[in-house]
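Presented below is the structure to which this report refers.
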Amino acid sequence: MGQSTASGWDKLRSTRWRPPGPALLTPDRQRTYVSALQQAEELFRAAEVTGPAAAPLTLFYGLSQAGRAIAAAAAGIGEDDDSWKLNGHGIKTRSMDAAFPDVEIRTDKEGDQGSFTRISKLLQSPIWGNAPVRLTTLWDCLLETIDSPISADERVRRTPIVVVPDSYPDPHPLATAALNFLPVWVAEASDTRKALDTYLQAYPDAVGYDSYVRSGAVPDAGPVFGENGNGWFYITAHWTSPDPGARGSERRAYLRTLTRTYDGQQLFLPAVAGAPQGIHPLMAWWAVLHTLSMLARYQPAQWARHTDVDSSRYAVPIEGVLATAVEVVPRLVVEAIDEVSSQTQVSPDLTTEPEEE
(Lines give C-alpha, C1' and ligand atoms only; values in the text may rest on other atoms or scores of the structure.)
Protein backbone atom coordinates (compact mmCIF):
# COMPACT_ATOMS: atom_id res chain seq x y z
CA MET A 1 0.00 0.00 0.00
CA GLY A 2 1.31 3.45 -0.86
CA GLN A 3 4.97 4.17 -1.31
CA SER A 4 8.19 3.03 0.32
CA THR A 5 8.81 3.70 4.00
CA ALA A 6 11.50 6.30 3.37
CA SER A 7 9.81 8.19 0.56
CA GLY A 8 7.66 10.33 2.87
CA TRP A 9 10.64 11.84 4.63
CA ASP A 10 12.65 11.96 1.40
CA LYS A 11 9.95 14.13 -0.14
CA LEU A 12 9.63 16.33 2.93
CA ARG A 13 13.40 16.80 3.19
CA SER A 14 13.54 17.77 -0.48
CA THR A 15 11.23 20.74 0.22
CA ARG A 16 13.33 22.22 3.01
CA TRP A 17 15.83 24.01 0.75
CA ARG A 18 12.93 25.62 -1.11
CA PRO A 19 9.66 25.51 0.90
CA PRO A 20 6.25 25.90 -0.75
CA GLY A 21 5.47 29.45 -1.81
CA PRO A 22 3.30 30.48 1.16
CA ALA A 23 6.06 29.45 3.59
CA LEU A 24 8.35 31.99 1.89
CA LEU A 25 6.12 34.96 2.67
CA THR A 26 8.10 35.80 5.80
CA PRO A 27 11.44 34.65 7.21
CA ASP A 28 9.65 33.45 10.36
CA ARG A 29 7.36 31.16 8.38
CA GLN A 30 10.26 29.77 6.39
CA ARG A 31 12.32 29.07 9.52
CA THR A 32 9.32 27.43 11.20
CA TYR A 33 8.66 25.23 8.18
CA VAL A 34 12.25 24.01 8.00
CA SER A 35 12.85 23.58 11.73
CA ALA A 36 9.50 21.92 12.41
CA LEU A 37 10.08 19.32 9.69
CA GLN A 38 13.55 18.59 11.03
CA GLN A 39 12.17 18.03 14.53
CA ALA A 40 9.29 15.94 13.19
CA GLU A 41 11.63 13.67 11.26
CA GLU A 42 13.94 13.15 14.21
CA LEU A 43 11.02 12.26 16.47
CA PHE A 44 9.65 9.79 13.94
CA ARG A 45 13.10 8.25 13.49
CA ALA A 46 13.26 7.80 17.26
CA ALA A 47 9.89 6.00 17.17
CA GLU A 48 11.32 3.43 14.75
CA VAL A 49 13.56 2.08 17.53
CA THR A 50 11.20 2.71 20.46
CA GLY A 51 8.82 0.13 21.90
CA PRO A 52 5.09 0.64 22.56
CA ALA A 53 5.76 2.01 26.05
CA ALA A 54 7.09 5.31 24.65
CA ALA A 55 6.52 5.29 20.87
CA PRO A 56 3.17 7.16 21.09
CA LEU A 57 4.96 10.12 22.66
CA THR A 58 7.52 10.57 19.91
CA LEU A 59 4.97 9.87 17.17
CA PHE A 60 2.41 12.36 18.44
CA TYR A 61 4.91 15.13 19.09
CA GLY A 62 6.50 14.44 15.72
CA LEU A 63 3.13 14.87 14.06
CA SER A 64 2.47 17.99 16.13
CA GLN A 65 5.69 19.54 14.81
CA ALA A 66 4.80 18.50 11.26
CA GLY A 67 1.52 20.35 11.81
CA ARG A 68 3.46 23.55 12.33
CA ALA A 69 5.07 23.05 8.94
CA ILE A 70 1.66 22.42 7.38
CA ALA A 71 0.33 25.66 8.84
CA ALA A 72 3.39 27.62 7.73
CA ALA A 73 2.88 26.31 4.18
CA ALA A 74 -0.82 27.18 4.00
CA ALA A 75 -1.99 29.53 1.27
CA GLY A 76 -4.58 32.19 1.98
CA ILE A 77 -2.71 33.49 5.05
CA GLY A 78 -1.25 36.89 4.25
CA GLU A 79 2.15 38.31 5.12
CA ASP A 80 0.79 40.29 8.09
CA ASP A 81 -1.48 37.47 9.34
CA ASP A 82 -0.12 35.35 12.20
CA SER A 83 -2.94 32.80 12.13
CA TRP A 84 -0.46 30.19 10.84
CA LYS A 85 1.09 30.14 14.30
CA LEU A 86 -0.26 27.33 16.48
CA ASN A 87 -0.86 27.60 20.20
CA GLY A 88 -1.58 24.47 22.25
CA HIS A 89 -2.85 21.05 21.28
CA GLY A 90 -6.47 21.94 20.43
CA ILE A 91 -7.56 18.43 21.44
CA LYS A 92 -8.16 16.76 24.81
CA THR A 93 -8.27 13.20 26.08
CA ARG A 94 -10.75 12.49 28.86
CA SER A 95 -11.89 9.42 30.84
CA MET A 96 -8.41 7.96 30.54
CA ASP A 97 -9.18 5.38 33.23
CA ALA A 98 -12.05 3.95 31.18
CA ALA A 99 -11.83 0.78 29.12
CA PHE A 100 -9.48 1.33 26.19
CA PRO A 101 -12.19 1.69 23.48
CA ASP A 102 -14.18 4.07 25.70
CA VAL A 103 -11.52 6.71 26.30
CA GLU A 104 -13.02 10.04 25.19
CA ILE A 105 -11.64 12.68 22.84
CA ARG A 106 -12.85 16.26 22.68
CA THR A 107 -11.60 19.28 20.73
CA ASP A 108 -11.34 22.99 21.29
CA LYS A 109 -14.00 25.15 19.74
CA GLU A 110 -13.82 26.42 16.19
CA GLY A 111 -11.67 29.51 15.77
CA ASP A 112 -9.13 28.61 18.44
CA GLN A 113 -5.45 28.45 17.47
CA GLY A 114 -4.78 25.03 18.95
CA SER A 115 -2.95 22.73 16.55
CA PHE A 116 -5.80 20.27 16.00
CA THR A 117 -8.47 22.90 15.42
CA ARG A 118 -6.29 25.09 13.18
CA ILE A 119 -4.99 22.26 11.02
CA SER A 120 -8.51 20.84 10.81
CA LYS A 121 -9.72 24.15 9.40
CA LEU A 122 -6.88 24.28 6.87
CA LEU A 123 -7.73 20.75 5.72
CA GLN A 124 -11.49 21.40 5.81
CA SER A 125 -11.97 18.72 8.44
CA PRO A 126 -14.77 19.12 11.01
CA ILE A 127 -14.13 19.41 14.74
CA TRP A 128 -16.61 18.38 17.41
CA GLY A 129 -15.92 20.65 20.37
CA ASN A 130 -17.02 19.38 23.78
CA ALA A 131 -19.02 16.45 22.40
CA PRO A 132 -17.30 13.26 23.63
CA VAL A 133 -16.10 10.93 20.87
CA ARG A 134 -14.90 7.46 21.86
CA LEU A 135 -11.46 6.27 20.85
CA THR A 136 -12.95 3.29 19.04
CA THR A 137 -14.81 5.67 16.68
CA LEU A 138 -11.62 7.44 15.63
CA TRP A 139 -9.64 4.19 15.59
CA ASP A 140 -12.07 2.85 13.00
CA CYS A 141 -11.40 5.91 10.80
CA LEU A 142 -7.87 4.61 10.09
CA LEU A 143 -7.71 2.55 6.92
CA GLU A 144 -5.19 0.12 8.38
CA THR A 145 -7.43 -0.84 11.33
CA ILE A 146 -10.32 -2.30 9.35
CA ASP A 147 -9.21 -5.81 10.30
CA SER A 148 -8.07 -4.94 13.82
CA PRO A 149 -11.03 -3.38 15.67
CA ILE A 150 -10.94 -2.53 19.35
CA SER A 151 -14.74 -2.71 19.70
CA ALA A 152 -16.64 -5.99 19.56
CA ASP A 153 -19.78 -4.47 18.00
CA GLU A 154 -19.32 -4.80 14.25
CA ARG A 155 -22.60 -3.08 13.41
CA VAL A 156 -21.59 0.25 14.89
CA ARG A 157 -18.22 0.34 13.14
CA ARG A 158 -17.79 2.83 10.30
CA THR A 159 -14.48 2.36 8.50
CA PRO A 160 -12.96 4.07 5.44
CA ILE A 161 -14.44 3.17 2.07
CA VAL A 162 -11.82 2.85 -0.66
CA VAL A 163 -13.09 4.44 -3.88
CA VAL A 164 -11.75 3.08 -7.18
CA PRO A 165 -13.07 5.07 -10.17
CA ASP A 166 -13.69 3.35 -13.48
CA SER A 167 -11.05 3.64 -16.18
CA TYR A 168 -13.32 4.01 -19.22
CA PRO A 169 -12.25 6.94 -21.46
CA ASP A 170 -15.53 7.44 -23.34
CA PRO A 171 -17.91 10.37 -22.64
CA HIS A 172 -20.66 9.40 -20.22
CA PRO A 173 -23.10 11.27 -17.94
CA LEU A 174 -22.30 9.07 -14.95
CA ALA A 175 -19.15 8.94 -12.85
CA THR A 176 -18.69 5.34 -11.76
CA ALA A 177 -16.58 3.85 -8.99
CA ALA A 178 -16.28 0.73 -6.87
CA LEU A 179 -16.91 1.32 -3.16
CA ASN A 180 -14.68 -1.17 -1.37
CA PHE A 181 -14.67 -2.57 2.17
CA LEU A 182 -18.34 -2.63 3.06
CA PRO A 183 -19.12 -4.95 6.00
CA VAL A 184 -20.65 -8.40 5.75
CA TRP A 185 -23.76 -7.46 7.72
CA VAL A 186 -24.68 -4.99 4.96
CA ALA A 187 -23.97 -7.41 2.11
CA GLU A 188 -25.92 -10.25 3.73
CA ALA A 189 -28.83 -8.27 5.18
CA SER A 190 -32.36 -9.41 4.42
CA ASP A 191 -32.95 -5.95 2.93
CA THR A 192 -29.58 -4.95 1.44
CA ARG A 193 -30.92 -1.72 -0.01
CA LYS A 194 -32.03 -0.48 3.41
CA ALA A 195 -28.87 -1.77 5.10
CA LEU A 196 -26.65 0.05 2.60
CA ASP A 197 -28.59 3.30 2.98
CA THR A 198 -28.31 3.02 6.76
CA TYR A 199 -24.58 2.35 6.59
CA LEU A 200 -23.80 5.19 4.17
CA GLN A 201 -25.62 7.77 6.28
CA ALA A 202 -22.37 8.03 8.25
CA TYR A 203 -20.55 9.12 5.06
CA PRO A 204 -22.01 12.52 4.11
CA ASP A 205 -19.53 12.92 1.24
CA ALA A 206 -20.84 9.72 -0.38
CA VAL A 207 -24.59 10.08 -0.05
CA GLY A 208 -24.95 12.00 -3.30
CA TYR A 209 -24.61 8.85 -5.36
CA ASP A 210 -27.20 8.58 -8.10
CA SER A 211 -27.57 4.81 -8.28
CA TYR A 212 -25.73 1.52 -8.03
CA VAL A 213 -25.58 -1.72 -9.98
CA ARG A 214 -28.66 -3.60 -8.86
CA SER A 215 -29.49 -7.26 -8.47
CA GLY A 216 -32.65 -6.94 -10.54
CA ALA A 217 -34.51 -4.71 -13.00
CA VAL A 218 -37.09 -3.39 -10.53
CA PRO A 219 -36.39 0.08 -9.09
CA ASP A 220 -36.20 -1.07 -5.45
CA ALA A 221 -33.84 -3.97 -6.12
CA GLY A 222 -30.84 -4.19 -3.83
CA PRO A 223 -27.23 -3.62 -4.89
CA VAL A 224 -24.98 -6.30 -6.34
CA PHE A 225 -22.14 -7.06 -3.93
CA GLY A 226 -18.77 -8.49 -4.84
CA GLU A 227 -16.20 -9.82 -2.38
CA ASN A 228 -13.04 -7.95 -1.39
CA GLY A 229 -12.00 -10.87 0.80
CA ASN A 230 -11.62 -11.31 4.54
CA GLY A 231 -15.31 -10.63 5.08
CA TRP A 232 -15.48 -7.34 3.18
CA PHE A 233 -17.58 -6.50 0.12
CA TYR A 234 -17.90 -3.86 -2.59
CA ILE A 235 -20.56 -2.35 -4.83
CA THR A 236 -20.38 -0.31 -8.03
CA ALA A 237 -22.01 3.10 -7.60
CA HIS A 238 -22.76 5.99 -9.96
CA TRP A 239 -22.78 9.76 -9.56
CA THR A 240 -24.29 12.16 -12.10
CA SER A 241 -21.40 14.14 -13.55
CA PRO A 242 -21.90 17.93 -13.74
CA ASP A 243 -20.94 17.63 -17.41
CA PRO A 244 -23.08 15.03 -19.21
CA GLY A 245 -20.42 14.76 -21.92
CA ALA A 246 -17.48 14.36 -19.54
CA ARG A 247 -14.72 12.02 -20.58
CA GLY A 248 -13.17 9.50 -18.24
CA SER A 249 -10.48 11.79 -16.85
CA GLU A 250 -13.05 14.51 -16.13
CA ARG A 251 -15.39 12.08 -14.38
CA ARG A 252 -12.53 10.81 -12.24
CA ALA A 253 -11.54 14.39 -11.42
CA TYR A 254 -15.11 15.01 -10.27
CA LEU A 255 -14.98 11.99 -7.97
CA ARG A 256 -11.76 13.33 -6.46
CA THR A 257 -13.67 16.41 -5.34
CA LEU A 258 -15.98 14.15 -3.31
CA THR A 259 -13.31 12.02 -1.66
CA ARG A 260 -10.27 12.42 0.59
CA THR A 261 -6.79 11.50 -0.59
CA TYR A 262 -5.04 8.92 1.57
CA ASP A 263 -1.55 7.78 0.62
CA GLY A 264 -2.40 8.01 -3.06
CA GLN A 265 -5.82 6.41 -2.73
CA GLN A 266 -9.30 7.94 -2.66
CA LEU A 267 -11.50 7.40 0.38
CA PHE A 268 -14.87 8.22 1.82
CA LEU A 269 -14.35 8.68 5.54
CA PRO A 270 -17.05 8.65 8.19
CA ALA A 271 -18.25 11.78 9.90
CA VAL A 272 -17.50 12.20 13.60
CA ALA A 273 -20.15 13.34 16.09
CA GLY A 274 -22.70 14.03 13.36
CA ALA A 275 -20.48 16.42 11.39
CA PRO A 276 -21.64 17.39 7.88
CA GLN A 277 -18.40 16.11 6.32
CA GLY A 278 -16.10 13.14 6.82
CA ILE A 279 -12.99 13.60 8.92
CA HIS A 280 -9.71 14.22 7.11
CA PRO A 281 -7.49 11.11 7.36
CA LEU A 282 -4.55 13.02 8.82
CA MET A 283 -6.78 14.41 11.56
CA ALA A 284 -8.04 10.92 12.38
CA TRP A 285 -4.42 9.85 12.85
CA TRP A 286 -3.76 13.01 14.87
CA ALA A 287 -6.62 12.26 17.27
CA VAL A 288 -5.62 8.62 17.74
CA LEU A 289 -1.92 9.35 18.29
CA HIS A 290 -2.75 12.15 20.73
CA THR A 291 -4.94 9.80 22.73
CA LEU A 292 -2.33 7.03 22.81
CA SER A 293 0.34 9.53 23.84
CA MET A 294 -1.79 10.87 26.69
CA LEU A 295 -2.44 7.34 27.96
CA ALA A 296 1.26 6.49 27.76
CA ARG A 297 2.27 9.73 29.50
CA TYR A 298 -0.36 10.09 32.22
CA GLN A 299 -1.53 6.50 32.75
CA PRO A 300 1.73 4.54 32.37
CA ALA A 301 0.63 1.53 34.45
CA GLN A 302 -2.67 1.25 32.60
CA TRP A 303 -0.87 1.74 29.28
CA ALA A 304 1.48 -1.09 30.17
CA ARG A 305 -1.55 -3.34 30.69
CA HIS A 306 -3.06 -2.29 27.36
CA THR A 307 0.18 -3.16 25.53
CA ASP A 308 0.87 -6.48 27.28
CA VAL A 309 0.53 -9.11 24.55
CA ASP A 310 0.13 -11.85 27.16
CA SER A 311 -2.97 -10.37 28.75
CA SER A 312 -4.51 -7.63 26.56
CA ARG A 313 -6.60 -8.07 23.42
CA TYR A 314 -5.60 -4.54 22.44
CA ALA A 315 -1.84 -5.09 22.50
CA VAL A 316 -1.34 -6.40 18.96
CA PRO A 317 -3.71 -3.84 17.37
CA ILE A 318 -1.84 -1.08 19.22
CA GLU A 319 1.50 -2.42 17.98
CA GLY A 320 0.12 -2.46 14.45
CA VAL A 321 -1.10 1.13 14.62
CA LEU A 322 2.21 2.39 15.98
CA ALA A 323 4.22 0.54 13.31
CA THR A 324 1.90 1.80 10.58
CA ALA A 325 2.11 5.39 11.82
CA VAL A 326 5.89 5.39 11.35
CA GLU A 327 5.44 4.51 7.68
CA VAL A 328 2.18 6.15 6.64
CA VAL A 329 1.87 9.41 8.56
CA PRO A 330 4.89 11.11 6.90
CA ARG A 331 3.34 10.42 3.50
CA LEU A 332 0.05 11.92 4.71
CA VAL A 333 1.98 15.01 5.82
CA VAL A 334 3.36 15.30 2.26
CA GLU A 335 -0.19 15.17 0.90
CA ALA A 336 -1.43 17.69 3.49
CA ILE A 337 1.30 20.21 2.62
CA ASP A 338 0.48 19.81 -1.07
CA GLU A 339 -3.19 20.29 -0.26
CA VAL A 340 -2.90 23.48 1.79
CA SER A 341 -0.15 25.10 -0.26
CA SER A 342 -1.87 24.53 -3.60
CA GLN A 343 -4.78 26.77 -2.65
CA THR A 344 -3.17 29.58 -4.60
CA GLN A 345 -4.71 32.56 -2.88
CA VAL A 346 -1.34 34.20 -2.22
CA SER A 347 1.43 34.91 -4.68
CA PRO A 348 4.78 35.33 -2.94
CA ASP A 349 7.74 36.66 -4.87
CA LEU A 350 9.63 33.45 -5.64
CA THR A 351 12.54 35.28 -7.19
CA THR A 352 14.14 35.89 -3.79
CA GLU A 353 16.51 33.18 -2.69
CA PRO A 354 15.43 31.47 0.56
CA GLU A 355 17.44 32.04 3.70
CA GLU A 356 20.11 29.55 4.62
CA GLU A 357 19.04 26.91 7.13
Side-chain contact, heavy-atom cut-off 4.5 Å: P101 with W139? no
Do other residues, nucleotides or ligands put more than 12 heavy atoms under 6.0 Å from the CD atom of E154? yes
For T198, what residues pass the side chain to side chain contact (heavy atoms under 4.5 Å, CB included) criterion, not counting sequence neighbours? K194
Under 4.5 Å between any side-chain heavy atoms of T58 and E42, yes or no? no
Taking ring pair (Phe, Tyr, Trp, His ring centres under 6.0 Å) as the definition, give me every residue that meets it alongside F44, ordered by chain and number, with sequence neighbours left out. W9
Would you say the side chain of R313 lies within less than 4.5 Å of the side chain of F100, judging by non-hydrogen atoms? no
Donor-acceptor pair, side chain of N180 and main chain of V162, under 3.5 angstrom: yes
Connecting only ILVMFWY residues whose side-chain heavy atoms lie within less than 4.5 Å of each other, what is the rest of L255's hydrophobic cluster? I161, V163, L179, L182, V184, W185, V186, L196, Y199, L200, Y203, Y209, Y212, F225, F233, I235, W239, Y254, L258, F268
Those residues that, when tested against R260, pass side-chain hydrogen bond (donor to acceptor under 3.5 Å, both in side chains) (two or more places apart): none
Shortest non-hydrogen contact from D205 to G278? OD2-N, 2.9 Å
Look up atom OG in S167 and atom CZ in R252, then write down how far apart they are to the nearest 0.5 Å. 6.5 Å
Shortest non-hydrogen separation from S115 to W286 and the atoms involved: CB-CZ2, 3.6 Å
Under-4.0 Å salt bridge between E48 and R45: yes
Who else is in the cluster with V224 when I, L, V, M, F, W and Y are joined by side-chain contacts under 4.5 Å? V213
Is atom CG of N87 surrounded by more than 12 heavy atoms (other residues, nucleotides or ligands) closer than 6.0 Å? no
Looking at CG of L138 and OG1 of T291, how far apart are the two atoms once the value is rounded to the nearest 0.5 Å? 7.0 Å
Any idea which heavy atoms bring I150 and Y314 closest together, and the distance? O-CE2, 3.5 Å
Starting at CG of N228, measure out to CZ of F181 and round the result to the nearest 0.5 Å. 5.0 Å
Where is the tightest heavy-atom contact between L122 and A71, given as atom of each residue plus distance? CD1-CA, 3.8 Å
Note, E144 side chain near E327 side chain (heavy atom, < 4.5 Å): no
Donor on one side chain, acceptor on other, D81 and S83, under 3.5 Å: yes
Any residue meeting side chain to side chain contact (heavy atoms under 4.5 Å, CB included) with D112, in chain and number order, not counting sequence neighbours: D108, K109, T117
Listed by chain and number, what are the side chain to side chain contact (heavy atoms under 4.5 Å, CB included) partners of K121, not counting sequence neighbours? R118
Minimal heavy-atom distance between L282 and A336, with the atoms involved, is CD2-CB, 3.8 Å
Review item, side-chain donor-acceptor pairs of residues 315-323, under 3.5 Å, at least two apart:
none

Determine whether a donor-acceptor pair (N or O, by modelled atom type, separation under 3.5 Å) exists between the side chain of R251 and the backbone of S241. no
Listing request: all side-chain hydrogen bond (donor to acceptor under 3.5 Å, both in side chains) pairs with a residue in residues 267-277, at least two apart in sequence or in separate chains. none
For T259, what residues pass the side-chain hydrogen bond (donor to acceptor under 3.5 Å, both in side chains) criterion, not counting sequence neighbours? Q266
Just by distance, no angles: are the side chains of H238 and T176 close enough, under 3.5 Å, to form a donor-acceptor pair? yes
Identify the two heavy atoms, one from P20 and one from A73, that lie closest to each other, and give their separation to 0.1 Å. CG-CB, 4.1 Å
Which residue in the set H290, Q299, R297 passes side-chain hydrogen bond (donor to acceptor under 3.5 Å, both in side chains) when paired with T93? H290
Run the side-chain donor-acceptor check on residues 129-137: report pairs under 3.5 Å with partners two or more places apart or on a different chain.
from	atom 1	to	atom 2	distance (Å)
N130	OD1	R106	NH1	3.3
R134	NE	D102	OD1	2.9
R134	NH2	D102	OD1	2.4

Just to verify, what does A325 make a side chain to side chain contact (heavy atoms under 4.5 Å, CB included) with, not counting sequence neighbours? L59, W285, L289, V329
What I want to find out is whether R331 reaches E335 closely enough, with some N-O distance under 4.0 Å, to be called a salt bridge. no
